[in-house]
Student: 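For reference, the structure I am asking about is given below.
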Amino acid sequence: PLLASRYGDETIQRLERALGLPPSSEGNAALELEGLLCVLRRAPVLEAGETKTAETPDVVKLVSWLIGAAVSLTAVASTFIDHVAEGKCVAALRPFTALGPSHPACLAHDYCRLIQMMAEDRLSETHAGWMHLLGRLDAVGLPQNLRQRLHRGAVYALGVLECQRDDSAVLARIQYLEKMGRPHDIAFANQLRFLHHGFRGEAELAQRCRDRVEEHAVQYGSAWQVEI
């Protein structure tokens, strides 16, 4: 979190400059497709005095770096419910919505926006958005490890929302995470169990699950919370 706070904005700004994109802000309008493609054709945009070499990243690499940075920084901001920081990341990816819903960059924007919406008291709309995104994942050309990560994140987010509205569908989300088998997946499953029992007033069961989550935090540190 400290590194994200110190270097996150600068990282986004440098990548935007390298791509030739205007500085992002929450009020920025999305670009039209032709306008975006025109900008990207000129990338990479070099700083004064720089010359292009074989090591200079191309536009595909720069876009992938921007996506990775924005998604990771959104995850960090969500652990503090920092709506403003989340909004900066969403804005940075907004130009890529012009590429359409089947493009990975557009999907990354929608993923970050849905994370931001988790704290906006729009449960029904946010739940529907996550369900729609889940259905898009297999149709978008993503590396398998990234697809699995985003899928786990969407499942966990749905589980949180279903806990809040006392929906038994959360039990299927918990089972999915437990079947994944990784320690972090088990921790997220226990966190959902904690919320599920807590909202139902089942204090003893909730405490047991909370203890398991805290044991995981002691073992792996707090960084596991931004994995998804």
Student: Suppose we screen for side chain to side chain donor-acceptor pair (under 3.5 Å). Which residues come up paired with Arg200, at least two apart in sequence or across chains?
Tutor: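 For Arg200 the side chain to side chain donor-acceptor pair (under 3.5 Å) partners, ignoring immediate neighbours, are Asp166, Glu202.
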Student: Compare every heavy atom of Ala77 with every heavy atom of Glu86, then report the nearest pair and how far apart it is.
Tutor: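 Scanning both residues, the minimum pair turns out to be CG-CB, 3.6 Å.
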Student: Excluding sequence neighbours, so at least two apart, what forms salt bridge (charged side-chain N to carboxylate O under 4.0 Å, His left out) with Asp9?
Tutor: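 Checked Asp9 against salt bridge (charged side-chain N to carboxylate O under 4.0 Å, His left out); matches are Lys88.
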Student: Under the rule for side chain to side chain donor-acceptor pair (under 3.5 Å), what residues qualify as partners of Glu10, not counting sequence neighbours?
Tutor: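 Once residues adjacent in sequence are excluded, the partners of Glu10 under the side chain to side chain donor-acceptor pair (under 3.5 Å) criterion are Arg14.
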Student: Can you name the residues that form a side chain to side chain contact (heavy atoms under 4.5 Å, CB included) with Ala119, not counting sequence neighbours?
Tutor: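 Here the qualifying residues are Ile81.
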Student: Could I get the full list of side chain to side chain donor-acceptor pair (under 3.5 Å) partners for Gln164, not counting sequence neighbours?
Tutor: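 With neighbours one apart ignored, the set is empty.
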Student: Who pairs with Asp82 by salt bridge (charged side-chain N to carboxylate O under 4.0 Å, His left out), at least two apart in sequence or on another chain?
Tutor: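 None.
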Student: Of all residues at least two apart in sequence or in a different chain, which pass the ring pair (Phe, Tyr, Trp, His ring centres under 6.0 Å) check with Tyr176?
Tutor: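 Only His151 meet the ring pair (Phe, Tyr, Trp, His ring centres under 6.0 Å) criterion with Tyr176.
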Student: Counting neighbours of CD on Glu32 that are heavy atoms of other residues, nucleotides or ligands and sit closer than 6.0 Å, is the number greater than 12?
Tutor: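 Result for CD/Glu32: open.
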Student: Taking Arg136 for its side chain and Pro101 for its backbone only, find out whether a donor-acceptor pair lies under 3.5 Å.
Tutor: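 Flag set: sc Arg136 to bb Pro101 pair under 3.5 Å.
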Student: Above 12 or not: heavy atoms from other molecules or residues under 6.0 Å from CD of Glu204?
Tutor: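 12 or below, so no.
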Student: Could you work out, with salt bridge (charged side-chain N to carboxylate O under 4.0 Å, His left out) as the rule, every residue matching Arg122, not counting sequence neighbours?
Tutor: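 Arg122 satisfies salt bridge (charged side-chain N to carboxylate O under 4.0 Å, His left out) with Glu120, Glu125 once adjacent residues are dropped.
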Student: Can you tell me which residue pairs pass the ring pair (Phe, Tyr, Trp, His ring centres under 6.0 Å) test with a partner in residues 37-71, sequence neighbours excluded?
Tutor: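 Non-adjacent pairs meeting ring pair (Phe, Tyr, Trp, His ring centres under 6.0 Å): zero.
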Student: If we check salt bridge (charged side-chain N to carboxylate O under 4.0 Å, His left out) with Glu178, which of these qualifies: Arg193, Arg152, Arg212, Arg173?
Tutor: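 The salt bridge (charged side-chain N to carboxylate O under 4.0 Å, His left out) with Glu178 is passed solely by Arg193 among Arg193, Arg152, Arg212, Arg173.
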Student: Would you please name every residue forming a salt bridge (charged side-chain N to carboxylate O under 4.0 Å, His left out) with Asp58, sequence neighbours left out?
Tutor: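 For Asp58, no residue satisfies salt bridge (charged side-chain N to carboxylate O under 4.0 Å, His left out) once neighbours in sequence are set aside.
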Student: Using the test side chain to side chain contact (heavy atoms under 4.5 Å, CB included), find all partners of Thr56 that sit at least two apart in sequence or belong to another chain.
Tutor: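 Listed in chain order: Pro44, Leu46, Lys52, Thr53.
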Student: List the residues meeting side chain to side chain contact (heavy atoms under 4.5 Å, CB included) with Val59, not counting sequence neighbours, and say none if there are none.
Tutor: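 Only Leu19, Leu40, Ala43, Val63 meet the side chain to side chain contact (heavy atoms under 4.5 Å, CB included) criterion with Val59.
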